[in-house]
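Beneath this line is the structure, given in structure tokens, with notes to follow.
Heads up: numbering here begins at 1 and tracks the sequence.
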Amino acid sequence: MLVQFITHIETNFPFLKKKRLLLACSGGLDSVVLLHVCAQLDLDITLAHCNFNLRGEESDGDESLVRKLAAQFKVPIKVKSFDTVHYMKDHKGSVQMVARELRYTWFDEIAHKEGFDYVLTAHHADDSLETFLINLSRGTGIGGLIGIPLQNGKVLRPLLHFSKETILEYAKTEHVVWREDSSNTENKYLRNKVRNEIIPKLKELNPSFLANYGKTQGHLLQTSILTQKHMDGLRNEIFEKFGDHYKINIEHLEHLHPVDAYLYELFKGFGFTEWNDIKGLLTALSGKEVTSKTHRLIKDRDYLLLTKKADLGERVFHISEKDKQISMPIQLKLEATKTLEIISKNVIFLDKEKLNYPLVLRKWEKGDYFYPFGMKGKKKLSKFFKDEKMDTLSKEKQWLLCSDNSIVWVIGKRLDERFKVGSDTKHILKITFSV
């Protein structure tokens, strides 16, 4: 195995010899073997050990072994002790999911803070097969069927091409000392059940099952790369950038076949999972939307609008009579003047005596209406927005300047007739909106 590992590194990761590496070491078979073979290459490694304090003395024993290994191989070590049980109470998730989150968050913090180039983990071919079977059982696309990636950002998995059997054989031959995690034998966890019960049966049916899976994984990976290139080109073609969001023509989407597969590939990278709801947007009424943890997809007439979720924060701001300029949430300059200029969308003139302070800056609400400058009678803002051909996102971002409950200015759009300067106006207020 050692010769194969050295060849693997020299062929695929020769750059590692000149990098600072953080090696995740649990004290188990896989990570201890990874430490042994990396030491043979004289790589610049620092051990990182997570003590999740879930197995009492057993967890402490794992930490003790890793500290001894660091001393044996004369490499630096970093240890983090987690109150995993307390964290689980505050954050929903299984033990395995919580431990994974804590582990990788810590690795990322160390790498960023102390300048490590890569994090090495000891995932191997059997781990990748487990992931494949778990994702297959849950329902997934090609991305879920290619197993564990060899590299994901700064995380590298140098043992991914080696089987558990090969790693174990090396450990026994080289008299490697490691510790067994007793929880790995508990089949109450799905991954353990797949590892301990399903995979052995598959290997019993076909001794070459793992090797054949490796070939299939390679084919799926190549198919994934081809698909990604096609989808990147299509996305660049039909996703039109408008400010901080994208507009996607629904007619273009409807002409894609099979549409379900295209919708999945186009939008999966934005965190969406409710694919039937996304397909339903194509024929839904304007205003209907689907959200993920990070993005919104909104139906707006003939388009879908894709935007990041925004922190709405405060939606109401007050302007006192003493304020001459504000910069939040928008930039307004307020000044007294004695002369009128041409009114524009961004500059208005008001009869100051018609205003009641403090003035209010807010977003629009259902039922809002105003009296558009130059027109007789009132008009609902929803109708005004429609006439202005404003999409859903533009309406959400629209600010209103109000006096009490009356709209003074649809900012950047239209002044209200009731607050205009008249022949009897004594004090004129000029307000300039800086875009």
Side-chain angles (χ1 to χ4, degrees), residues 24-31 33-34 50-56 58-59 62 82-107 119 121-150 152 155 157 159-168 178-207 209-214 216-217 220-221 224 264 268 271-275 292-293:
C25 188
S26 66
L29 169 66
D30 310 325
S31 60
V33 167
L34 178 60
C50 299
N51 188 336
F52 295 108
N53 294 294
L54 293 170
R55 294 175 287 114
E58 192 176 332
S59 293
D62 294 343
F82 295 97
D83 187 350
T84 311
V85 174
H86 184 269
Y87 187 88
M88 286 179 63
K89 292 178 181 179
D90 297 334
H91 303 76
K92 294 181 179 180
S94 66
V95 172
Q96 291 178 323
M97 289 300 294
V98 166
R100 184 182 187 282
E101 180 181 341
L102 290 171
R103 178 168 58 247
Y104 280 102
T105 298
W106 182 52
F107 291 161
V119 177
T121 68
H123 293 92
H124 48 72
D126 290 68
D127 291 325
S128 185
L129 176 57
E130 290 169 16
T131 299
F132 168 85
L133 293 172
I134 290 171
N135 289 343
L136 181 65
S137 70
R138 291 171 173 167
T140 185
I142 291 179
L145 296 178
I146 59 178
I148 301 173
L150 192 60
N152 185 9
V155 178
R157 303 176 175 93
L159 295 183
L160 204 56
H161 292 325
F162 297 89
S163 68
K164 182 78 170 184
E165 183 180 359
T166 299
I167 294 170
L168 180 59
W178 74 90
R179 288 176 60 84
E180 291 289 351
D181 184 341
S182 61
S183 66
N184 287 338
T185 62
E186 299 175 3
N187 289 336
K188 63 181 180 180
Y189 302 117
L190 174 60
R191 184 170 289 275
N192 287 1
K193 200 172 186 68
V194 170
R195 175 186 302 152
N196 299 328
E197 295 183 3
I198 296 176
I199 290 180
K201 290 291 184 182
L202 293 173
K203 289 181 177 179
E204 183 181 321
L205 290 172
N206 184 351
F209 189 89
L210 184 61
N212 291 339
Y213 159 70
T216 300
Q217 184 190 34
L220 289 171
L221 180 58
S224 177
Y264 174 80
K268 68 177 181 180
F272 294 103
T273 56
E274 303 300 326
W275 302 109
S292 70
K293 289 183 178 180

Please tell me if the side chains of [X] and [Y] come closer than 4.5 Å, counting only heavy atoms from C-beta onward.
| X | Y | result |
| --- | --- | --- |
| L160 | Q217 | no |
| N51 | D62 | no |
| H124 | L34 | no |
| V155 | Y104 | yes |

Which heavy atom of [X] sits nearest a heavy atom of [Y], and at what distance?
| X | Y | value |
| --- | --- | --- |
| A24 | F107 | CB-CZ, 3.5 Å |
| D126 | I199 | O-CD1, 4.2 Å |
| V85 | L54 | CG2-CD2, 3.9 Å |
| N212 | N206 | ND2-ND2, 3.5 Å |
| S94 | M88 | C-CE, 4.2 Å |

Nearest 0.5 Å, please: how far is [atom2] in [Y] from [atom1] in [X]?
| X | Y | atom1 | atom2 | answer |
| --- | --- | --- | --- | --- |
| L150 | H123 | CG | NE2 | 12.0 Å |
| R195 | L190 | CZ | CG | 10.5 Å |
| L202 | L210 | CG | CG | 10.5 Å |
| N135 | I142 | CG | CD1 | 13.5 Å |
| I198 | E130 | CD1 | CD | 10.0 Å |
| H161 | T166 | NE2 | OG1 | 13.0 Å |

Got a sec: does the CD of E165 have more than 12 other heavy atoms crowding it under 6.0 Å? no
Can you establish whether the number of heavy atoms outside R55 located under 6.0 Å from its atom CZ is more than 12? yes
Mind telling me whether Y213 and F132 have parallel, tilted or perpendicular rings, with 30° and 60° as the class edges? tilted
Is D127 salt-bridged to R157, cutoff N-O under 4.0 Å? no
Is it true that K164 and D30 make a salt bridge, defined as a side-chain N closer than 4.0 Å to a carboxylate O?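 Salt bridge between K164 and D30, a charged N being under 4.0 Å from a carboxylate O: yes.
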Main-chain N/O of [Y] paired to [X] side chain as donor or acceptor, under 3.5 Å:
| X | Y | answer |
| --- | --- | --- |
| N53 | F82 | yes |
| S128 | G147 | no |
| R191 | I134 | no |
| S31 | S26 | yes |

Intermediate values then yes/no, side-chain contact (heavy atoms from CB on, under 4.5 Å), F209 and L129: CA-CA 10 Å; F209 189 89; L129 176 57; 3.9 Å; yes
Partners meeting ring-ring contact (aromatic ring centres under 6.0 Å, His included) with Y264 (sequence neighbours left out):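 Y264: ring-ring contact (aromatic ring centres under 6.0 Å, His included) contacts with W275.
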Of all residues at least two apart in sequence or in a different chain, which pass the ring-ring contact (aromatic ring centres under 6.0 Å, His included) check with Y87?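 ring-ring contact (aromatic ring centres under 6.0 Å, His included) check on Y87 returns H91.
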